[in-house]
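Report on one structure; see the data block that follows.
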Amino acid sequence: MNARKTPDQPNSGQPLAEQPSPGELSPRSREQTLQRLGQQHYDIVVVGGGVTGCGIALDAATRGLSVALVEMRDYASGTSSRSGKLIHGGLRYLEQLNFSLVKEALTERALMLRTLCPHLVRPVRFIYPLEHRVWERFYLGSGLVLYDTMGGAGAVPRHRHLTKRGALRLAPALKPEELVGALTFYDAAIDDARHTMTLARTAAAYGADVASGTKVTGFLREGQRVTGVKVHDAISDREIPVVGKQVINAAGVWTDQIQDMVGGRGKFQVRASKGVHILVPRDRIHSDAAILVRAEDSVVFIRPWGRHWLIGTTDTKWELDLDHPAANRDDIDYLLRQVNRVISPELSREDVEGVYAGLRPLLAGESATTSRLSREHAVESPVPGLTVIAGGKYTTYRVMAKDAVDAAARGLDGAAPESCTQNIPLLGAAGYQALWNSRQRLADEYGLHVARIEHLLQRYGSLVTEVLALVKDRPDLGEPLEGAEEYLRVEISYAASHEGALFLDDALTRRTHVSFETMDRGLTAAAPAAALMAEVLGWDDATTKAQIEHYQQRIEAERASQEEMDDAGADAVRKKVRDSRL
Ligand code: FAD
């Protein structure tokens with residue numbers, strides 16, 4: 001096994017002033033990473049930069065293994081930026097008596113809240129309106145006692161019973177005729193896209209070589225054995241062979257496509273099920289708690305997301321383009337219908353600010369309905385040198401990563417140390433609480449409103465000092481981003497200089513969420529954001545113009561697909577504008 005550097009041991013021989021910050025994903029570091037990808041022999045090569053793949057890279061690197069991760073588009077550009085953004089045990093699994101899954105997920109929830117990434121995860125209070133006076137209160141109340149008990153004492157407050165009047169005081173938007181009382185309980189919310197990218201950066205800080213814009217196009221083989229992958233770099237248009245003792249396929253809904261490159265079928269397949277979310281402005285629903293709505297065959301969550309409510313999700317089979325899942329008119333109407341059953345004033349399509357669709361990577365099961373397919377994960381090694389991991393959910397990514405590395409490590413020469421990621425805070429976590437307590441001082445020092453500092457702290461944690469240092473050098477970066485005033489201009493610059501954003505879409509959709517948080521879906525912000533990225537990435541005028549045009553076309557295609565009545569129509573419209581990295 002090759003020894004790797006840790007965040008405390010930066011590359012030697014570089015003058016301090018030019019040292020990149022730990023895990024910095026800059027254009028310079030990307031070029032160096034690509035060179036190493038083609039030269040080194042890794043213990044582990046990971047395919048896919050979603051939460052599972054980035055979790056694997058961190059797990060392997062912190063065991064002292066040498067690891068490379070390749071991602072064909074952007075970190076979290078697949079399912080991991082399109083989730084319900086909840087870190088939860090899943091009340092539904094409790095109902096299915098799947099106690100071990102709930103317990104595992106709630107343990108992860110406590111760990112993330114307390115140790116791993118308190119800056120990116122926070123507790124959310126939910127209200128669950130009751131329709132039936134006695135049995136429902138007893139049934140749900142008993143379930144929530146279990147939920148509290150399994151959830152790690154004190155990680156979040158315990159559940160409570162509310163009378164009808166108490167429920168309406170907490171959530172005046174609820175229609176009085178639709179409830180007889182309520183329960184409240186806590187779960188946690190996460191910024192999934194930023195969390196996955198932060199995992200990638202943390203893995204890089206521990207010595208992993210991670211690169212986005214690098215697509216696996218085939219495998220390196222010696223006889224039956226897999227000995228690495230062939231990668232195409234979308235930026236320089238070059239082919240790079242990446243050699244590794246073990247390859248881990250963590251490609252989410254693309255798992256079967258990667259398996260097809262090896263030939264032969266593994267024991268399981270991955271199916272896609274589409275889930276759509278919509279955002280509406282915060283002032284459209286009067287409530288101090290998130291609301292859980294029992295839908296026709298599932299549940300719909302209405303929960304706060306900055307100055308918005310995030311509402312979702314749907315659950316339907318998807319067999320069309322995996323790269324560009326599309327929401328249609330029916331998906332949006334379904335969500336509005338479920339929400340309007342319980343809240344007043346009712347929402348209309350005009351209230352919808354943003355929409356996004358994602359694909360759940362489900363292990364193919366026996367049942368035909370996708371919502372009953374297993375959310376649990378599976379690991380297998382179909383040929384020597386290759387491990388496949390699939391299924392699971394965002395909340396349990398760390399357990400999935402550990403299981404995948406354990407399986408791959410069996411094929412390495414020496415015994416690998418145990419996973420230690422339960423003790424590895426992500427970048428930005430160390431010192432976060434102290435900075436949060438000092439937020440007024442930071443606001444005074446940088447001449448920003450304290451609400452801005454809070455917004456930055458909950459996105460960057462203690463790395464906020466790097467972001468603010470850029471503002472100190474260039475005060476114009478401390479101004480709001482035109483067309484998306486919730487964000488500062490520096491957040492776009494930092495996305496390109498430190499967070500691996502290579503395309504305008506990366507900065508407007510995943511480093512910030514301008515593309516689904518603004519009424520115009522980021523069309524006004526596109527030009528100023530592109531100009532800021534151009535400064536960092538060295539784009540000429542033609543490239544900058546092409547980036548803006550491509551972003552506009554993507555937004556137009558998404559909007560048009562949302563007017564289509566069904567998946568076939570929405571897919572045909574949406575996939576006309578493809579991610580240029582593919
Ligand atoms: P992905 O994030 O899709 O990552 C796979 C990556 O592989 C992609 O980035 C892709 O670009 C890359 N890739 C594919 N092919 C190649 C190639 N040839 N070369 C290189 N890279 C490649 N879970 C929860 O815990 N809580 C929730 O609230 C929740 N809500 C959800 C709501 C919805 C609507 C959906 C769809 C899912 C939800 N989930 C939730 C589940 C969770 O989001 C997923 O389980 C998780 O994000 C999957 O991560 P992944 O890394 O396995 O897949």
Side-chain angles (χ1 to χ4, degrees), residues 21 24-27 74-76 81 119-120 122 191 193-195 197-198 201 279 281-282 304-308 353-354 427-428 431-432 435-436 438-537 539 544 547-548 551:
S21 77
E24 175 182 300
L25 302 178
S26 62
D74 181 24
Y75 307 106
S81 60
H119 53 310
L120 297 173
R122 53 200 52 89
D191 185 331
R194 290 200 60 79
H195 173 262
M197 177 276 299
T198 307
R201 281 191 68 179
L279 281 94
R282 193 71 176 265
W305 175 261
R307 295 185 198 162
H308 321 266
E353 294 178 293
L427 288 180
Y432 163 68
L435 281 174
W436 180 260
S438 314
R439 58 196 185 281
Q440 186 59 57
R441 180 182 57 70
L442 281 176
D444 296 343
E445 191 179 333
Y446 289 93
L448 292 168
H449 193 281
V450 71
R452 285 277 181 204
I453 298 290
E454 289 175 357
H455 159 98
L456 293 174
L457 277 167
Q458 293 187 332
R459 296 164 49 70
Y460 303 93
S462 51
L463 293 182
V464 73
T465 49
E466 288 186 355
V467 179
L468 291 172
L470 296 179
V471 174
K472 203 151 224 173
D473 287 349
R474 283 258 315 264
D476 67 292
L477 293 179
E479 300 292 323
L481 178 66
E482 191 191 336
E485 282 73 13
E486 238 172 285
Y487 294 94
L488 295 180
R489 286 161 54 80
V490 69
E491 297 185 66
I492 303 293
S493 288
Y494 188 78
S497 63
H498 288 69
E499 297 184 331
L502 298 174
F503 284 60
L504 183 57
D505 197 33
D506 305 344
L508 291 183
T509 306
R510 286 171 292 276
R511 303 307 180 276
T512 68
H513 309 302
V514 173
S515 81
F516 57 85
E517 289 177 347
T518 54
M519 267 297 181
D520 76 350
R521 316 251 167 121
L523 290 178
T524 308
L532 287 163
M533 290 187 80
E535 288 175 2
V536 179
L537 300 177
W539 293 343
T544 309
Q547 288 281 332
I548 297 168
Y551 182 79

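Atoms considered below: every heavy atom in the structure, side chains included; atoms not considered: hydrogens, waters and symmetry mates.
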Heavy-atom side-chain contact between Ile453 and Trp436 under 4.5 Å: no
Distance-minimising heavy-atom pair for Ala507 and Ala495: CB-CB, 4.4 Å
Within 45° cone of Tyr460 ring axis and under 6.0 Å: Arg194 NZ or CZ: yes
Rounded distance (nearest 0.5 Å) linking atom CG of Leu504 with atom OG1 of Thr509: 8.0 Å
Smallest separation among heavy atoms of Leu508 and Gly522, with atom names: CD1-O, 4.2 Å
Separation between CZ of Arg511 and OG of Ser493, rounded to the nearest 0.5 Å: 14.0 Å
CA sep, side-chain torsions, deciding dist, call: Arg201, Ser21, side chain to side chain contact (heavy atoms under 4.5 Å, CB included): CA-CA 10 Å; Arg201 281 191 68 179; Ser21 77; 3.5 Å; yes
Arg459 and Glu499 ion-paired at < 4.0 Å: no
More than 12 heavy atoms of other groups within 6.0 Å of Glu482 CD: no
Flag, side chain of Ser81 to backbone of Ala76, donor-acceptor distance under 3.5 Å: yes
Student check: side-chain heavy atoms of Leu470 and Arg474 closer than 4.5 Å: no
Any side-chain heavy-atom pair of Val467 and Leu488 under 4.5 Å: no
Glu485 (side chain) donor-acceptor with Gly483 (main chain) under 3.5 angstrom: yes
Atom pair OG1 (Thr544) and CD (Glu535), whose distance is rounded to the nearest 0.5 Å: 10.0 Å
Worked verdict on Tyr432 versus Gln458 for side chain to side chain contact (heavy atoms under 4.5 Å, CB included): CA-CA 9 Å; Tyr432 163 68; Gln458 293 187 332; 4.0 Å; yes
Close side-chain approach of Glu466 and Tyr494, heavy atoms under 4.5 Å: yes
Backbone N/O of Gly306 and side chain of Arg282: donor-acceptor pair under 3.5 Å: yes
From CD (Gln547) to CG (Asp506), nearest 0.5 Å: 8.5 Å
Chi angles and distances behind the side chain to side chain contact (heavy atoms under 4.5 Å, CB included) call for Leu442, Leu456: CA-CA 11 Å; Leu442 281 176; Leu456 293 174; over 6 Å; no
Minimum-distance pair of heavy atoms, taken over all atoms of Leu537 and Pro27: CD2-CG, 3.4 Å
Side chain to side chain contact (heavy atoms under 4.5 Å, CB included) between Glu486 and His308, intermediate numbers included: CA-CA 12 Å; Glu486 238 172 285; His308 321 266; 3.3 Å; yes
Any Glu517 side-chain heavy atom under 4.5 Å of Trp305 side chain: yes
Minimal non-hydrogen separation, Ala526 against Tyr551, with atom names: CB-CD2, 3.9 Å
From OG1 (Thr524) to CG (Leu481), nearest 0.5 Å: 10.0 Å
Heavy-atom pair with the smallest gap, counting every atom of Leu502 and Trp539: O-CZ2, 3.4 Å
Separation between CG of Asp74 and CG of Asp505, rounded to the nearest 0.5 Å: 8.0 Å
Salt bridge present between Glu445 and Lys472 (N-O < 4.0 angstrom): yes
Chi angles and distances behind the side chain to side chain donor-acceptor pair (under 3.5 Å) call for Thr512, Glu491: CA-CA 8 Å; Thr512 68; Glu491 297 185 66; over 6 Å; no
Close aromatic pair by centroid cut-off 6.0 Å: His513 and Tyr487: no
Any donor-acceptor pair under 3.5 Å from Arg122 side chain to His119 backbone: yes
Donor-acceptor under 3.5 Å (Arg489 side chain, Leu532 main chain): no
Donor-acceptor pair, side chain of Arg521 and main chain of Glu353, under 3.5 angstrom: yes
Close side-chain approach of Phe503 and Met533, heavy atoms under 4.5 Å: no
